Amino acid sequence: MHAHKTYIVTGAASGIGAETARILKEAGATVIGVDRNEAAQVDVFHLADLGDPASVEKLIEALPREVNGLANIAGVPPTAPAETVMRVNLTGLIHLTEGLIPKLADGASIVNLASLAGFDWQSEVAQVKRALSLRLEDDIETFCAQEGLNASEARSYFLSKQALIVWTLQKRWAWRNRNINMNAVSPGPVETPILKDFLETLGERAEEDMKVMDRPGTPQDIAPIVAFALSDDAKWLRGANLTVDGGMSSHILTEKFGL
Ligand code: NAI
């Protein structure tokens, strides 16, 4: 499925990104890893800070042409400052993706690692639209202050992921003439180095969630879904948000509607 393909995987140094890189390589692909920390299991590595405009521009310039897919997996947890969360999880990701579109091969696939935290975007459409009007080079610190994102640490994370899901929906047909599709994958809690940050920030709410789950996910639960969404078998999957959460989003919906 992935033989003779080349993919860019951001966040390749740890967790879900590292596992995605590993299984893509195992399936015969060439993997170009991007991270702010050195990534071991990749063919080529680019060090970059995906929240920094100059670093993202340099990266776009350095990455090769005719790549078959981009997995936007790098992300920071809610314990990071709001500005960093908005930069890395949203505006940097969008800047990188839009900058790479002209260089990608026709038929390429893009996968955005969103989150169960973004599932309820319908309740926050106005703020999501404001977030999506931001550019990486904008004064994001002021935006965060205006939106009160610093006051509630988790809100920046939820907003970044809600906006990422909405951006994915909006771009369903953006590059259809080149057969480039983009989808989101939204995990529930996954055992990686940042899980403890989520639990810390979300407090009781997270504890309640963890009680109804049989277990948290692992990178091995998520990476195969990312790999599938990158593959040619998923070409008619466009603008979708694939929830991979052990049933949590179904649970939320059945509770909400008394089903
Ligand atoms: P992780 O901490 O193991 O991996 C994140 C990677 O992103 C790290 O290698 C880190 O160095 C890299 N990164 C962070 N900031 C960066 C920057 N400015 N520039 C370049 N690289 C940067 O965490 P995990 O869990 O594998 O996270 C991957 C994605 O999955 C993130 O987008 C996260 O929001 C999302 N996610 C994670 C969940 C979880 O429970 N672990 C649940 C839902 C979504």
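Read the numbers this way: they start at 1 and go in the same order the structure lists the ligands and their atoms. Model, not experiment: these values are computed from the prediction. Below, each value reflects all heavy atoms present in this structure, side chains not excepted, and no hydrogens, waters or symmetry copies.
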- Sub-3.5 Å donor-acceptor pair from the side chain of Thr30 to the main-chain atoms of Thr6, do we have one? no
- Query: Looking at Leu195 and Pro216, what are the two nearest heavy atoms and their distance?
  - Reply: CD2-CB, 4.4 Å
- Task: Decide salt bridge (Lys or Arg N to Asp or Glu O under 4.0 Å) for Arg36 and Asp49; before the verdict, give the C-alpha distance in whole Å, the side-chain angles of both, and the deciding distance to 0.1 Å.
- Result: CA-CA 5 Å; Arg36 64 179 169 182; Asp49 177 353; over 6 Å; no
- If you measure from each heavy atom of Ser186 to ligand 1, is any distance below 4.0 Å? no
- Item | Nearest neighbour in protein (non-hydrogen) for atom 26 (O) of ligand 1 | Ile16 N, 2.8 Å
- among protein heavy atoms, the one nearest atom 3 (O) of ligand 1 is Ser14 OG, 2.5 Å
- Quick one: look up the protein heavy atom nearest atom 40 (O) of ligand 1 and list residue, atom name and how far away it is. Val190 N, 2.7 Å
- Task: Please determine if Gly17 has a nitrogen or oxygen closer than 3.5 Å to a nitrogen or oxygen of ligand 1.
- Result: no
- Query: Counting heavy atoms only, which part of Ile73 comes closer than 4.0 Å to ligand 1: side chain, backbone, both or neither?
  - Reply: both
- Item | For Gly75, atoms of ligand 1 separated by under 4.0 Å from a heavy atom | 5 (C), 7 (O), 14 (C), 31 (C), 32 (O)
- Query: Which residue owns the protein heavy atom closest to atom 25 (O) of ligand 1, what's the atom, and how far is it?
  - Reply: Thr192 OG1, 2.6 Å
- Message: If you count every heavy atom of other residues, nucleotides or ligands that lies below 6.0 Å from Glu141 atom CD, does the total exceed 12?
- Response: no
- Query: Where's the contact between Asp49 and ligand 1, heavy-atom distance under 4.0 Å: side chain, backbone, both or neither?
  - Reply: both
- Quick one: does Asn181's side chain have a donor or acceptor within less than 3.5 Å of a partner on Leu237's backbone? yes
- Any donor-acceptor pair under 3.5 Å from Lys129 side chain to Glu124 backbone: no
- Short version for Ala18: what comes under 4.0 Å of ligand 1, heavy atoms counted, is neither
- Query: Just heavy atoms, cut-off under 4.0 Å: does Val76 contact ligand 1 by side chain, backbone, both, or neither?
  - Reply: side chain
- Message: I'd like the name of whichever of Val185, Ile194, Leu50 reaches closest to atom 27 (O) of ligand 1 through any heavy atom.
- Response: Ile194
- Task: With heavy atoms only and a cut-off of under 4.0 Å, state how Ala114 meets ligand 1: side chain, backbone, both or neither.
- Result: backbone
- Message: Both conditions, 6.0 Å and 45 degrees, for the charged tip of Arg176 above the ring of Trp173: are they met here?
- Response: yes
- Task: Go through ligand 1 atom by atom and flag the ones less than 4.0 Å from a non-hydrogen atom of Ala48.
- Result: 19 (N), 20 (C)
- Task: For Gln146 and Arg130, test the side chains for any donor-to-acceptor distance below 3.5 angstrom and give the result as yes or no.
- Result: no
- Query: So which heavy atom in the protein is nearest atom 34 (O) of ligand 1, and how far is it from that ligand atom?
  - Reply: Tyr157 OH, 2.7 Å
- Answer yes or no: is there a donor N or O on one side and an acceptor on the other, between the side chain of Thr201 and the main chain of Asp197, under 3.5 Å? yes
- Task: Any atoms of ligand 1 less than 4.0 Å from a non-hydrogen atom of Pro193? List them with their elements.
- Result: 3 (O)
- Message: Pairs of nitrogen or oxygen atoms closer than 3.5 Å, one from Leu116 and one from ligand 1: do any exist?
- Response: no
- Query: Can you tell which of Arg36, Glu191, Lys161 gets a heavy atom nearest to atom 22 (C) of ligand 1?
  - Reply: Arg36
- Can an N or O of Phe198 be found at a distance shorter than 3.5 Å from an N or O of ligand 1? no
- Item | Shortest protein heavy-atom distance from atom 42 (C) of ligand 1, along with the residue and atom involved | Gly188 O, 3.2 Å
- Between His95 and Glu57: side-chain donor-acceptor atoms closer than 3.5 Å: yes
- Could you tell me whether a side-chain N or O of Thr192 sits under 3.5 Å from a main-chain N or O of Gly15, the two making a donor and an acceptor? no
- Note: Arg87, heavy atoms under 4.0 Å from ligand 1, region reported as neither
- Message: Tell me the protein heavy atom at minimum distance from atom 11 (O) of ligand 1, and give that distance in Å.
- Response: Asp35 OD1, 2.5 Å
- Query: Ignoring hydrogens and geometry, is there a side-chain-to-backbone donor-acceptor pair from Asp43 to Ile32 under 3.5 Å?
  - Reply: no
- Pick out which of Asn112, Asn89, Thr168 makes a side chain to side chain donor-acceptor pair (under 3.5 Å) with Asn72. Asn112
- Message: Show the atoms of ligand 1 that are less than 4.0 angstrom away from any heavy atom in Val88.
- Response: 15 (N), 16 (C), 18 (N)
- Item | Polar contact flag for Ser115 and ligand 1 (N/O pairs, less than 3.5 Å) | no
- Item | Contact partition for Pro189 relative to ligand 1, non-hydrogen atoms under 4.0 Å | backbone
- Yes or no on salt bridge (Lys or Arg N to Asp or Glu O under 4.0 Å) for Arg22 and Glu19, after CA distance, side-chain angles and deciding distance? CA-CA 5 Å; Arg22 192 191 68 74; Glu19 178 62 10; 2.9 Å; yes
